[in-house]
Amino acid sequence: MHDVSADLDKNRIYITVGKLENEAEMRTIVKKVKSECVKLKKDFTCLTDLRNYEYQDEIFEKYIKEAQEALLEAGMSKVVRVHRQVGVLGHLQFETVSLDLGYRAKNVTSIEEAEKILDGEKE
């Protein structure tokens, strides 16, 4: 299950990545990220929901990198990732790739906490 959408009022992209069946599904997510992020203004924020994402084979990291590069090139200024409180640490796969690209995301365990951070409220 996945979903990618741009909120023009908040100038934010929402990316949900759940359990993936195959590479084709990941390619679809990358295409959606690319098409949605260009709808936003420079310095947009990103909320990535990885609560149902499970660590994938390393082949998927090239798609993660492609999506993250597109976000950076489109002007993303801040990202918060929502991950499970316990269990598989799939968000670490996203973190590793983003560190290679030179940025770090804040990791939290609830959508509400992520929204507060991205909205500029006290953490």
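Residues: numbered from 1 along the sequence shown.
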Could you see if V38 belongs to whatever hydrophobic cluster contains L8? Use Ile, Leu, Val, Met, Phe, Trp, Tyr and a side-chain cutoff under 4.5 Å.
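Different clusters: V38 never reaches L8 through Ile, Leu, Val, Met, Phe, Trp or Tyr contacts under 4.5 Å.
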Of the non-hydrogen atoms in C46 and L71, which two are nearest, and what is the gap between them?
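Scanning both residues completely, I find the closest heavy atoms to be SG-CD1, 4.4 Å.
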Could you give the distance from [atom1] ([X]) to [atom2] ([Y]), rounded to the nearest 0.5 Å?
| X | Y | atom1 | atom2 | value |
| --- | --- | --- | --- | --- |
| I13 | I15 | CD1 | CD1 | 4.5 Å |
| T16 | Y53 | OG1 | OH | 14.0 Å |
| I64 | K62 | CD1 | NZ | 12.0 Å |
| E113 | L118 | CD | CG | 11.0 Å |

Heavy-atom side-chain proximity of [X] to [Y] below 4.5 angstrom:
| X | Y | answer |
| --- | --- | --- |
| K34 | E66 | yes |
| L47 | V82 | yes |
| E25 | L20 | yes |
| E73 | Q68 | no |
| D3 | S5 | yes |
| M26 | I29 | yes |
| C37 | F44 | yes |

List the steps, then state whether side-chain contact (heavy atoms from CB on, under 4.5 Å) holds for H83 with V108.
CA-CA 6 Å; H83 61 84; V108 299; over 6 Å; no
Under 3.5 Å donor-acceptor, [X] side chain and [Y] backbone:
| X | Y | result |
| --- | --- | --- |
| N107 | T109 | no |
| E115 | I111 | no |
| N11 | K41 | yes |

Carboxylate-amine/guanidinium proximity below 4.0 Å for E36 and K39:
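A salt bridge is present here (some side-chain N lies under 4.0 Å from a carboxylate O).
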Could you tell me whether the side chains of R12 and T45 share a donor-acceptor contact shorter than 3.5 Å?
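R12 vs T45: donor-acceptor pair found between side chains.
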Using the side chain to side chain contact (heavy atoms under 4.5 Å, CB included) definition, which of the options V30, V33, V17 pairs with V4?
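When side chain to side chain contact (heavy atoms under 4.5 Å, CB included) is applied between V4 and each of V30, V33, V17, only V33 qualifies.
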Apply side-chain contact (heavy atoms from CB on, under 4.5 Å) to the pair K32 and H2, showing each step before the final yes or no.
CA-CA 10 Å; K32 287 183 179 179; H2 63 271; 3.7 Å; yes
